[in-house]
Amino acid sequence: MASFNLSLSDPSAFILTGIPGLQAAHIWISIPFSMFYIIILLGNFTVLFVVGKEQTLHKPMYLLLCMLALTDISTSSSVIPKALCIFWFNLKSITVGGCLMQMFFLHAASVMHSAVLVTMAFDRYVAICNPLSYATILTNTRIAKLGLVGLIRAVVFILPLPLLLSRQPFCANRIIPHTYCDHMAVVKMSCGDTTVSRLYGLVIAVVVNGLDLMLIALSYGLIIRAALRISSKRAHQKALNTCTAHICVILTSYTPSLFSSLTHRFGQGIAPHVHIILANLYFLIPPMLNPIIYGVKTKELRDKVGKYICRK
C-alpha cells in the first residue's frame, strides 16, 4: 500500500452525483435501497448464525453457503451505505484514497463471489457424479483451502486496479455520475495515459468471468450427462433437484451484471440513470435473493431457521 501516492487524508476528492437526472427523487429511491439492504443483512447474517450454531450443518455445502453470504454482505456493504449517504444527506464527496479503496473492495468481493459459485458447482458435480467419494474429496478443510485460494486470487487480480490509478493525474472536473467508484468511471477522471488500466480491467473481466463461467458450464455439462444415464426417473429428478438452488443463484448473480454490461457498451440510446440503476441492482438483487433461495430450496437449512424463529 505504500505505493499509493494519494493517502486517505489527501484533500482532493471526487464527487459522486448519485443517479443522474433523478436527484430530486433520491429520497424516494432510497426507500427500496434501504429496505433491500436491511433484507440483505438480515438474510445473510441469519444464514451465518444458524450454520455457525448448528453442528449438524458443519458440512462443505453449508460452509460454501457461509462464504457466499460473506461475499454478498461485503459486496453490498461496499456500495449501498455510501449510496444511502448520497440519497439521505447529500454527502457526495469521497476522497481519492477512499474512492480507490471502495473500488478495490467491491471488485475483489465480486471476484470472490464468482470463485464461490465455481466451487459450489464443483461441489454439486462431486455430489452427483461421484457420491460415494464425496466425503473424502470434499472435506471441510479442503473447502476452507479452496475459499482461501479464491480470496488470494481476488486480492492478487484486483489490487493492481487501484495501484495503477493511484499513479495517475486526475482532471479538475472530478464529478463521477454514479453512486459508487466503479473502475471505468474513475479511469475516465484521469488526464494521463490510461491504456494499461483500461486493458488490465478488460483482461480481468474477460479472464475471470469467462473462466469461471466455463468451469461452471463444464460442471453442469458433466452433471447433465451423469443424470441422463440414470435409469430411474425418480433418481434422475432428485439428482437435478439438488442443483436447482445453485442454478437460481447463478442466474440471479450473472444476469444483472451481464445485462448492465451490455447496456453500458451497446445501449447508447438508454438514459444514464437507467445504466446506474441497473449497475446498482447487481449489488442489491443477488445478495437479497441468495439466502432466500437456499432457505426455500434446502430443507435442512429451512428446518433449522424455522426452529430458531419458532423459539423466538
Side-chain angles (χ1 to χ4, degrees), residues 30-85 88 105-106 108-124 127 138-141 143-144 146-148 150-151 154 180 241-257 280-312:
S30 72
I31 296 174
F33 268 62
S34 56
M35 288 178 61
F36 289 170
Y37 187 53
I38 290 170
I39 296 171
I40 288 167
L41 296 179
L42 184 62
N44 286 288
F45 275 120
T46 298
V47 170
L48 293 171
F49 173 77
V50 172
V51 174
K53 291 285 285 185
E54 292 292 331
Q55 194 69 30
T56 56
L57 297 183
H58 292 181
K59 303 173 184 177
M61 175 183 173
Y62 296 104
L63 292 181
L64 286 169
L65 194 53
C66 286
M67 291 182 192
L68 186 69
L70 286 171
T71 59
D72 282 339
I73 292 169
S74 300
T75 304
S76 58
S77 295
S78 64
V79 171
I80 304 304
K82 178 58 181 177
L84 291 176
C85 286
W88 287 341
F105 282 114
L106 73 90
S110 297
V111 172
M112 181 63 191
H113 185 272
S114 185
V116 173
L117 291 180
V118 173
T119 309
M120 294 177 102
F122 178 64
D123 170 78
R124 292 299 84 202
L138 286 178
T139 61
N140 289 349
T141 302
I143 290 295
L146 288 173
L148 181 61
L151 179 61
Y180 61 88
N241 281 343
T242 61
C243 302
T244 305
H246 185 242
I247 291 172
C248 291
V249 168
I250 290 171
L251 291 175
T252 58
S253 297
Y254 284 109
T255 302
S257 175
N280 279 277
L281 286 179
Y282 173 73
F283 301 102
L284 287 169
I285 302 301
M288 181 181 67
L289 292 180
N290 289 347
I292 297 173
I293 291 169
Y294 272 99
V296 171
K297 290 291 185 180
T298 311
K299 185 180 184 301
E300 193 175 7
L301 179 63
R302 184 172 67 247
D303 291 343
K304 298 298 183 184
V305 172
K307 184 184 79 170
Y308 280 97
I309 292 174
C310 291
R311 186 180 296 176
K312 295 294 181 184

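Just so you know, these numbers use all the heavy atoms, side chains as well, and skip hydrogens, waters and symmetry mates. For reference, positions follow the sequence shown, starting with 1.
When the side-chain contact (heavy atoms from CB on, under 4.5 Å) test is applied to Met67, the partners found at least two apart in sequence or on another chain are Leu64, Val116, Ile143. Residues passing the side-chain hydrogen bond (donor to acceptor under 3.5 Å, both in side chains) test with Ser77, sequence neighbours excluded: Tyr37. Not counting sequence neighbours, the partners of Ala83 by the side-chain contact (heavy atoms from CB on, under 4.5 Å) test are Phe87, Thr179. Checked against ring-ring contact (aromatic ring centres under 6.0 Å, His included), His113 has no partners two or more places apart in sequence or in another chain. The side-chain hydrogen bond (donor to acceptor under 3.5 Å, both in side chains) test applied to Ser30 returns Trp88, not counting sequence neighbours. Looking at residues two or more places apart in sequence or on another chain, you find a side-chain contact (heavy atoms from CB on, under 4.5 Å) between Ile285 and Phe36, Leu281, Met288, Leu289. Under the side-chain contact (heavy atoms from CB on, under 4.5 Å) criterion, Ile31 pairs with Trp28, Met35, not counting sequence neighbours. The side-chain hydrogen bond (donor to acceptor under 3.5 Å, both in side chains) check on Tyr62 picks up Glu300, with sequence neighbours excluded. Take Ser76 and apply the side-chain hydrogen bond (donor to acceptor under 3.5 Å, both in side chains) test, not counting sequence neighbours, and it matches no residue.
With rounding to the nearest 0.5 Å, the separation of OG in Ser253 from NE2 in His246 is 8.5 Å. Taken to the nearest 0.5 Å, the CG atom of Leu65 stands 13.0 Å off from the NZ atom of Lys59. How far CG of Asp303 is from CG of Leu57: 10.0 Å, rounded to the nearest 0.5 Å. Remark: Asn290 CG to Thr71 OG1 distance equals 8.0 Å, nearest 0.5 Å. Distance SG/Cys243 to CD1/Ile250: 9.0 Å, rounded to 0.5 Å.
Looking at Leu63, Val249, Ile73 one by one, the single match for side chain to side chain contact (heavy atoms under 4.5 Å, CB included) with Leu68 turns out to be Val249.
With hydrogens and angles disregarded, no donor-acceptor distance shorter than 3.5 Å links the side chain of Thr75 to the backbone of Asp72. Although no hydrogens or angles enter the test, the distance criterion places a donor-acceptor pair under 3.5 Å between the side chain of Thr119 and the main chain of Ala115.
In this structure the side chain of Met120 never reaches within 4.5 angstrom of the side chain of Met61, judged on heavy atoms.
In Phe105, the CZ atom is not crowded: 12 or fewer heavy atoms of neighbouring residues, nucleotides or ligands sit closer than 6.0 Å.
Listed by first and then second residue, the ring pair (Phe, Tyr, Trp, His ring centres under 6.0 Å) pairs that reach into residues 283-306 are Tyr180-Phe283, sequence neighbours excluded.
The two atoms that bring Asp123 and Pro60 nearest to each other are OD1-CB, 4.4 Å, heavy atoms only. Minimum heavy-atom separation, Ile293 to Ala245: CG2-O, 3.7 Å.
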List the atom pairs, with distances to 0.1 Å, where a side-chain N or O of residues 40-54 and a protein N or O form a donor-acceptor pair under 3.5 Å, not counting sequence neighbours.
| residue | atom | partner | partner atom | Å |
| --- | --- | --- | --- | --- |
| Asn44 | ND2 | Ile40 | O | 2.8 |
| Asn44 | ND2 | Pro287 | O | 3.0 |
| Thr46 | OG1 | Leu42 | O | 2.5 |
| Glu54 | OE2 | Lys307 | NZ | 2.6 |
| Glu54 | OE2 | Tyr308 | OH | 3.1 |

